[in-house]
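Here is the structure we will look at.
Worth saying up front: this structure is predicted, and the values here are computed from it rather than measured.
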Amino acid sequence: MIDIDTLLALQSSPAPDSWQDIAETLKGIHTGIQNNKSLLFSLIGIIIGGLITLSGIFISRTTSARQERKALKGILEDLYRHFHANILVLDKIDLDKGIPSRLYLGRFKVDDASMVFCDDICNSIKRKHLHEFNQLRLIYRNGNIELDVVCEYLVSGRYDKTVMRQYMDLVRIRQERLRKATRKFRISMEKGKEDRINFMDAVPTPDEIVYEEQKQIL
């Protein structure tokens with residue numbers, strides 16, 4: 001005779017159909033886990049791909065900025081030599097021999113198309129140097145404006161040797177300031193290691209400069 005506990009156990013046991021349902025449920029759970037794994041792997045792949053792309057962009061921008069800084073260093077050294085040569089020539093100009101050429105004095109200017117005036121170059125300048133660089137560019141622009149004033153005076157019809165001599169003195173003072181400011185900023189880009197820079201590399205001797213330039217001035 002079946003006792004009451006056995007009867008209750010039989011009644012609570014799942015029927016064959018119930019076992020099939022359980023199997024289907026377990027299969028669905030397993031499939032879901034597999035699908036979630038695929039989705040997870042896909043997301044991981046997307047993230048890794050994005051990181052690789054971003055790192056490539058960062059490396060490209062870093063390389064470009066480094067190349068621009070290198071080019072700027074070369075231009076600053078050229079400008080230093082430019083101002084140095086201008087000063088040598090100015091010291092040899094004799095207003096008693098004639099009126100300086102307006103077109104030649106215009107060559108003392110920093111070219112408006114120079115890299116130093118390009119706003120994009122600021123993106124490659126280190127933040128700690130940016131303020132000083134903008135001040136340097138302002139000095140360059142002011143120097144160009146002063147030279148424009150002198151050139152306009154030469155064709156104004158009011159030429160006076162004494163006034164012109166005062167103008168030339170101001171131009172020389174400006175060229176000296178430009179030379180010193182350019183040198184100072186260029187050195188700051190090398191963390192004060194001046195021995196890395198040869199400002200006078202490939203510069204003609206003073207005699208050569210004076211002889212070649214003087215023929216065009218007077």
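- The environment of Arg165 atom CZ is dense: over 12 non-hydrogen atoms of other residues, nucleotides or ligands sit within 6.0 angstrom.
- In this structure a side-chain-to-backbone donor-acceptor pair under 3.5 Å is missing from His129 to Met189.
- The minimum heavy-atom distance between Leu95 and Tyr159, with the atom names listed, is CD2-OH, 4.1 Å.
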Requested in this report: Would you please test Asn86 and His82 for side-chain hydrogen bond (donor to acceptor under 3.5 Å, both in side chains) and show each step?
Outcome: CA-CA 6 Å; Asn86 291 348; His82 171 74; 3.2 Å; yes
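- Heavy atoms only, all atoms of each residue included: Arg179 and His84 are closest at NH1-ND1, 2.7 Å.
- With a 4.5 Å cut-off on side-chain heavy atoms, Glu132 and Ile125 do not count as touching.
- Cluster annotation: Met115 and Leu79 are assigned to the same hydrophobic cluster (Ile/Leu/Val/Met/Phe/Trp/Tyr, side-chain heavy-atom contacts under 4.5 Å, transitive).
- Between Arg172 and Asp169 there is no salt bridge, since no side-chain nitrogen of the basic residue lies less than 4.0 Å from a carboxylate oxygen of the acidic one.
- Using a 4.5 Å cut-off on side-chain heavy atoms (C-beta onward), Leu136 and Leu76 make contact.
- Counting heavy atoms from C-beta outward, Asp119 and Arg137 have side chains that approach closer than 4.5 Å.
- Side-chain contact between Gln135 and Phe185: absent, with no pair of heavy atoms (C-beta onward) separated by less than 4.5 Å.
- Hydrophobic clustering places Val171 together with Val89 (ILVMFWY residues linked when any side-chain heavy atoms are closer than 4.5 Å, directly or through intermediates).
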Quick one: side chains of residues 146-157, donor-acceptor pairs under 3.5 Å with protein atoms, not counting sequence neighbours, listed by atom name and distance.
residue, atom, partner, partner atom, Å
Glu146, OE1, Arg174, NE, 3.1
Glu146, OE2, Arg174, NE, 3.4
Glu146, OE2, Arg174, NH2, 2.7
Asp148, OD1, Lys109, NZ, 2.9
Tyr153, OH, Arg158, O, 3.0
Tyr153, OH, Asp160, N, 2.7
Ser156, OG, Tyr153, O, 2.7
Ser156, OG, Arg158, N, 3.3

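- Taking 4.5 Å as the limit, every side-chain heavy atom of Lys128 sits out of range of all side-chain heavy atoms of Ser188.
- The line from CD1 of Ile187 to OG1 of Thr182 is 11.0 Å long, rounded to the nearest 0.5 Å.
- Under the 4.5 Å side-chain heavy-atom criterion for ILVMFWY residues, a single connected hydrophobic cluster contains both Leu130 and Val116.
- Tracing side-chain contacts under 4.5 Å through hydrophobic residues (I, L, V, M, F, W, Y), one never reaches Phe83 starting from Leu170; they form parts of separate clusters.
- If you chain together hydrophobic residues whose side chains sit under 4.5 Å apart, Ile139 and Phe117 fall into the same group.
- Of all the heavy atoms in Tyr140 and Leu178, the pair that sits closest is CD2-CD2, 3.4 Å.
- Considering CD1 of Ile173 and CE of Met168, their distance stands at 12.0 Å, rounded to 0.5 Å.
- Atom CG in Leu90 sits 4.0 Å away from atom CZ in Phe108 (nearest 0.5 Å).
- When side chains are defined from C-beta on, Asn144 counts as touching Val110, because their heavy atoms get closer than 4.5 Å.
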